[in-house]
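Note that ligands are numbered from 1 as they come in the structure, with each ligand's atoms numbered from 1 the same way. Since the structure is predicted, the reported quantities are computational estimates derived from the model, not experimental observations.
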Amino acid sequence: MTENKETIMKRAEEAVLHTYNRYPLVLEKGEGVYLYDTEGKQYLDFAAGIAVQGLGYHYPGYDEALKAQIDKLMHTSNLFYNIPAMEAAEKLTKASGMSKVFFTNSGTEAIEGALKTARKYAWLKDRRDDHEIIAMRHSFHGRSMGALSVTGNEAYQAPFRPLIGGIRFANYNDLESVRAQITERTCGIILETIQGEGGIYPATEEFLKGVKALCEEHDILLILDEIQCGMGRTGHMFAWQEYGVKPNVMTCAKALGCGVPVGAFVLDEKAANGSLAPGDHGTTYGGNPFACAAVSTVLDLFERDGIVEHVREAGAYLTERLDELAERYDFIEERRGKGLIQGLAIQGRPVSEIVVKSQEMGLLVITAGNNVLRLVPPLIIEKQHVDEMIEKLIRAF
Ligand SMILES: *Cc1c(COP(=O)(O)O)cnc(C)c1O
């Protein structure tokens, strides 16, 4: 018999450091695109553990592959070769058309590696020790010191200064503001292809192509953070593929393992050949056989079942239904996003209230920015789940 919800929440608050104000739900199990709490209540999941559970819960083939890897080998360290890491890296370079992969345990660590890549690349050219990176306002790249330093959010940064030096901020989708920050010391420009936490703002094509051109002109590395918007979510394996703007460094995490904690930074040939070398970077866990078996399996299942193609269809339908809502309700300012990463900008009422009401209706949605309702469901949702979500959201409204 499971303990009752209040007891579990109380024990958690007593033992777990209070850095999150959690919703009063204790989730216990999942099946398909549904989650169940300890009281047996069912929730349609349009949060997916923050865009992680791309394949939902217990997707056919996923659990079996992970269980098989547990039975073989969990961990070896990077002092040796292992088969799942080799396979996962091959599949990731193939899916991205990029050159080399470094596996990490999280998104923020992938960002750290990307920043080090940019600095080393520039250092090899001029041996300066004052290189700069341009990042965007309202961005989110993670909570470790380097990633936090390029996260354009004053509330997140303020208590932790001094952050790493040499960071300049520009405005997202404002090419001139990026150009204005370029100096002879600039080694990298980092941005999310679609700003996620900041409120679901896709890059305009003009902006992304313009930034790429600036990077080429000044031999600066372009780092695209695909941690939230990548892995099929936009209807392309990586969001930049739709724009035809290939980064020098790409960061992945979230849906990369579809539930197993794993991230990666992926380098094109230029970055791979001209930056990190033996001794420059490392990790004990990163690239371990278990995590890499997850990555390898996820990429296989995406291909086997045409997940990315499915997202295009499901995403088009979700877009259509959300546009109808935006039309119908005055407090919805606009819909933004692509495919299955969507946001509704809400005005005149707190988004958190809608989130809590939705939970009562058996629907999990999350927020982004300070007034955006964020929808990042498992990539395997069908039309009927979109309809169910809309119906529950309307009741929550
Ligand atoms: C979630 C996220 C990160 C940080 O990933 P963690 O695994 O939480 O460290 C970085 N960038 C983007 C765009 C994200 O959405």
Check: Ser275 side chain, Ala272 main-chain N or O, donor-acceptor pair, under 3.5 Å: no
Got a donor-acceptor contact below 3.5 angstrom from the Asp305 side chain to the Phe302 backbone? no
Examine Arg349 relative to Phe331 and say whether NZ or CZ is less than 6.0 Å from the centre of the six-membered ring and inside a 45° cone about the ring axis. yes
Any nitrogen or oxygen of [X], main chain or side chain, under 3.5 Å from a nitrogen or oxygen of ligand 1?
X	answer
Glu197	no
Phe140	yes
Gly107	yes

Considering non-hydrogen atoms of the protein only, which is the closest contact for atom 11 (N) of ligand 1, and what is the distance? Asp225 OD2, 2.7 Å
Ligand-side contact atoms (ligand 1) for residue partner [X], heavy atom cut-off under 4.0 Å:
X	value
Gln228	15 (O)
Glu192	13 (C)
Thr108	4 (C), 5 (O), 6 (P), 9 (O)

Going by the angle between their ring planes, with limits at 30° and 60°, are Phe238 and Trp240 parallel, tilted or perpendicular? parallel
Is the ring pair Phe140/Tyr156 parallel, tilted or perpendicular, if the boundaries are 30 and 60 degrees? perpendicular
Ligand 1-proximal atoms of Lys254, by part, heavy-atom distance under 4.0 Å: side chain
Give a yes-or-no answer on whether the side chains of Tyr36 and Gln42 include a donor-acceptor pair shorter than 3.5 Å. yes
Please determine, by modelled atom types, if Thr319 and Gln342 share a side-chain donor-acceptor pair under 3.5 angstrom. yes
Mark whether atom 15 (O) of ligand 1 lies under 4.0 angstrom from at least one protein heavy atom. yes
